[in-house]
Amino acid sequence: MSRVLRNKILLVGTGLLDFVKGIYQSSELEFPQDRVDNELKKSNGLHSGIIIPWRIETKYYTATVEFWLDELEGDDKAEVLKSYVDPDNGIGDVVDALVYVFRKDKRDSFEGIKEWLPFVEKHEPSILMCAGLPAGEDNVELPDIEDWCLDHQFEYVDLDEKTVEPLDKAGWDLAVDILQTNLWDGMTEHKATAQRSEPQGNEGDEELMRGNHEKCEKKKAKPKAKDILINRLIQNCSSSSWIINRMKS
């Protein structure tokens, strides 16, 4: 029976493309600039609704995940946030990581993370990360933000931070490491590693991105109670490329 994979990274806040580019660079992968440029043309330059695939390769497993970008703004922001919590939208079924990005030199850009707590409480993604983009030449330390993240179970990553210890992770490398530690739905475990390691329970050999066309068609056919919301990208349904969107009035 087909099912939707929970292998999406919901990326919210500000500076989202900068974050994804940093993840690609740290992973030593080529950023899909042509794909993103095409997406930007379709969205008239808006970052919201852009979907960027990311292939994770570790010595233990391989997985294909997607970054879903959404920079909330406008008069309907409150309604859109409310829609993310709504289980009928299906977002919680596919999102297994929430990453909030803010600019360290713009302290107010952090405050939006608090608006996502209802989503976290409702859908309980496996990974919660708060990433502070580099502040330029002058590093900015924000102990109060670190404390807030600790209290609310977010991993705080200072993307300015560096380490001299080979085994330690910091900055961009730490952000990649956090995302790689998740047991992503649909991942394929490397068999040679599995034979040498302790039993992991599942072989992780599920087929990626299967059965999503039917899910997408359901989303399109189902009437919405609110006129503001609809799937942000009801396209490429066969590859699970859909995300909630504001409906044009």
*Does Leu40 belong to the same Ile/Leu/Val/Met/Phe/Trp/Tyr cluster as Val20, with side-chain heavy atoms less than 4.5 Å apart forming each link?*
yes
*Does a side chain donor of either Glu146 or Trp148 reach within less than 3.5 Å of an acceptor in the other side chain?*
no
_If you count heavy atoms of other groups shown closer than 6.0 angstrom to CD of Gln25, is the number above 12?_
no
*asked:* Could you check whether any side-chain N or O of Ser27 sits under 3.5 Å from a backbone N or O of Ile23, counting only pairs where one atom can act as donor and the other as acceptor?
replied: yes
*Between atom CG of Asp168 and atom OG1 of Thr163, what is the distance when rounded to the nearest 0.5 Å?*
4.5 Å
*Looking at Phe67, Trp54, Tyr24, which hits ring-ring contact (aromatic ring centres under 6.0 Å, His included) with Phe31?*
Tyr24
*Would you mind reporting whether His123 and Val95 have side-chain heavy atoms less than 4.5 Å apart?*
no
*Polar side-chain atom of Ser109 near backbone of Arg103 as donor-acceptor pair, under 3.5 Å*: yes
_CD1 on Ile56 to OG1 on Thr62, rounded to 0.5 Å_ = 9.5 Å
*Working to the nearest 0.5 Å, report the span between OG of Ser126 and CG of Leu98.*
12.0 Å
*What is the distance from atom CD of Glu71 to atom CG of Leu17, rounded to the nearest 0.5 Å?*
7.5 Å
*Got a donor-acceptor contact below 3.5 angstrom from the His152 side chain to the Asp147 backbone?*
no
*Backbone N or O of Ile91 within a donor-acceptor pair of the Asn89 side chain at under 3.5 Å?*
no
*Give the ring-plane orientation class for Phe119 versus Trp116, where under 30° counts as parallel, over 60° as perpendicular and anything between as tilted.*
perpendicular
*Donor-acceptor pair between Gln180 and Thr58 side chains, under 3.5 angstrom*: no
*State whether the side chain of Arg6 and the backbone N or O of Gly186 hold a donor-acceptor pair below 3.5 Å, judged by distance alone.*
no
*Any sub-3.5 Å donor-acceptor pair from Asp96's side-chain atoms to Ile127's backbone N or O?*
no
*Kindly compute the distance separating CD (Glu79) from CG (Asp76), expressed to the nearest 0.5 Å.*
8.0 Å
*Using a strict cut-off of less than 4.0 Å between a Lys/Arg side-chain nitrogen and an Asp/Glu carboxylate oxygen, indicate whether Asp86 and Lys122 qualify as a salt bridge.*
no
*Look at atom CD of Glu111 and say whether more than 12 heavy atoms of other residues, nucleotides or ligands are closer to it than 6.0 Å.*
yes
*asked:* Under a 4.0 Å threshold between the charged nitrogen and the carboxylate oxygen, would Lys42 count as salt-bridged to Asp37?
replied: no
*Supply the atom-to-atom distance Ile113 CD1 to Leu117 CG, rounded to the nearest 0.5 angstrom.*
7.5 Å
